[in-house]
Amino acid sequence: MRKGVMRPGHVQLRVLDMEEAVVHYRDRLGLIEVNRDSQNRAYFKGWTEIDSFSVVLREADEPGMDFMGFKVTTPDVLEERKQELIEYGCSVEVIPAGELDGCGERIRFDSPTGHYFELYAEKEQPGKWGISPKNPDAWPEELKGMRATRFDHCLLYGDDIDGTADLLQKVLGFQLSEQVVDQESGTRVAAFLTVSTKAHDIAFVRHPEKGKFHHASFWLDTWEDVLRAADLISMHDISLDIGPTRHGLTHGQTIYFFDPSGNRNEVFCGGDYTYPDHPVVTWDAEQIGKAIFYHDRVLNEAFLGVVT
Ligand code: M3P
Ligand code: FE
């Protein structure tokens, strides 16, 4: 049952060198740089996104993810979910409106995998960049680099992925769309969850350490765009992880690479959709190579091991 959580709305990432990071996210990934706040955090949005930002970069000594935020439909829903998070046993912090420029009050909570998530109901909608609700043109001509259209999902690594999946399903109305299960032990190795009809809005892979970040992913429209992203990765000597290829899980067409601080990014297109009556798709852990990289059918160690 959906509970008024609409979509992944933002992710705050730590970067080692802000100016290098801005060049990567703006000129290579092709997000639009929209703001720099009083804490020197840089804000970006994809050109199809109606809210004022979706990616926030904070300069720090270590890379990784500070938190990921989901937008809910109304302030009443925000209050209801907050009460349920407290009842579930999360530690909940209320962050006042304006702490992120243009964003309303945020409800931040922890999770069994050690990741921090947020809910919020309101964010400014500047109505710029080719997404005017009146007679919109197909796309803005000034887009750069890979022309990422929107922030799509994060994949996170942590220990108690069953605990975090349970929290997201029970309190926030997420649906388990796909999973990888070790058939011998019955252990779930990966969980893909959605609040929409997308194949996933967030995903988790079991890993001994808490609170790790695997990638933030951005939507492209076509396979041609993914191949073009691969060309740009070579042109600018961006560190390539793997691809272009197809995932077995979710069936998206993808390429992974690293930002200058070592945070992994993905751009992808295509893939499955999920309605509430869809059965959970289960991959056997012994098929994990094919589940993750459908063409190579083997995992690359860096892909599994490198997290920030
Ligand atoms: C995706 C995706 C892993 C699977 C990754 C899949 C790391 O990133 O977007 O479908 O096991
Ligand atoms: Fe992904």
Side-chain angles (χ1 to χ4, degrees), residues 7-8 11 13 29 46 54-55 64-65 68 113 115 146 148-159 161-162 164-165 174-182 187-209 212-221 223 225-226 229-230 240-259 262-274 278 280-308:
R7 61 166 173 266
V11 60
L13 298 175
L29 203 50
S54 59
V55 172
M65 182 185 88
M68 178 178 178
T113 42
H115 298 99
M146 300 176 194
T149 66
R150 64 160 195 256
F151 166 50
D152 188 88
H153 65 266
C154 284
L155 192 144
L156 306 174
Y157 273 37
D159 53 356
I161 65 169
D162 293 327
T164 298
F174 278 73
Q175 177 181 352
L176 184 68
S177 55
E178 301 209 15
Q179 59 181 349
V180 181
V181 176
D182 180 73
T187 307
R188 193 193 275 158
V189 183
F192 286 60
L193 297 124
T194 184
V195 274
S196 61
T197 53
K198 287 158 55 190
H200 60 320
D201 288 303
I202 189 161
F204 297 90
V205 168
R206 191 177 292 278
H207 179 77
E209 281 168 289
K212 288 293 173 183
F213 171 78
H214 188 272
H215 67 266
S217 185
F218 300 86
W219 178 261
L220 300 181
D221 286 327
W223 177 228
D225 290 330
V226 176
L240 174 69
D241 186 28
I242 198 145
T245 184
R246 182 193 285 279
H247 292 299
L249 281 150
T250 77
H251 296 137
Q253 295 159 310
T254 180
I255 187 163
Y256 290 97
F257 51 98
F258 294 96
D259 78 6
N263 295 305
R264 192 185 278 93
N265 298 156
E266 173 182 37
V267 290
F268 82 111
C269 70
D272 300 331
Y273 58 88
T274 311
H278 282 202
V280 179
V281 173
T282 300
W283 287 82
D284 296 342
E286 60 179 31
Q287 294 276 324
I288 192 126
K290 201 177 199 176
I292 298 183
F293 301 124
Y294 194 65
H295 300 153
D296 282 358
R297 286 164 275 155
V298 284
L299 276 178
N300 101 354
E301 279 309 307
F303 185 80
L304 273 191
V306 178
V307 284
T308 55

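Counting convention: from 1, in listed order, for ligands and their atoms alike.
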So the atoms of ligand 1 within less than 4.0 Å of a heavy atom of H200 turn out to be 2 (C), 9 (O), 10 (O)
The atoms of ligand 1 lying under 4.0 Å from a heavy atom of H247, numbered in the order shown, are 1 (C), 2 (C), 5 (C), 6 (C), 8 (O), 9 (O), 10 (O)
Tested for side-chain contact (heavy atoms from CB on, under 4.5 Å) against F268, the lone hit among D225, V226, D152 is D152
Salt bridge between R206 and D162, side-chain N to carboxylate O under 4.0 Å? yes
Checking heavy atoms under 4.0 Å, the part of F268 that sits near ligand 1 is neither
Numbered in order shown, the ligand 1 atoms found under 4.0 Å of a heavy atom of T250 are 10 (O)
T308 versus N263, side-chain donor and acceptor atoms under 3.5 Å:
yes
Please determine, by modelled atom types, if D221 and T149 share a side-chain donor-acceptor pair under 3.5 angstrom. no
With heavy atoms and a 4.0 Å threshold, my read on which part of Y256 contacts ligand 1 is side chain
Looking only at protein heavy atoms, what sits closest to atom 11 (O) of ligand 1 is I292 CD1, 2.9 Å
If only side-chain N and O atoms count, and only distance matters, is there a donor-acceptor pair under 3.5 Å linking H153 with E266? yes
Vertex the Fe ion (ligand 2), ends H215/NE2 and H153/NE2: angle to nearest 10° comes to 100°
protein heavy-atom neighbour closest to atom 7 (C) of ligand 1 works out as F303 CE2, 3.1 Å
Per-atom filter on ligand 1: closer than 4.0 angstrom to a heavy atom of L155 are 3 (C), 4 (C), 5 (C), 7 (C)
Could you verify whether a donor N or O on one side chain and an acceptor N or O on the other, from R264 and H214, lie under 3.5 Å apart? yes
In E266, the N/O/S atom nearest the Fe ion (ligand 2) carries the name OE1
Within the 3.5 Å criterion, strictly below it, is a donor on T164 or T113 matched to an acceptor on the partner's side chain? yes
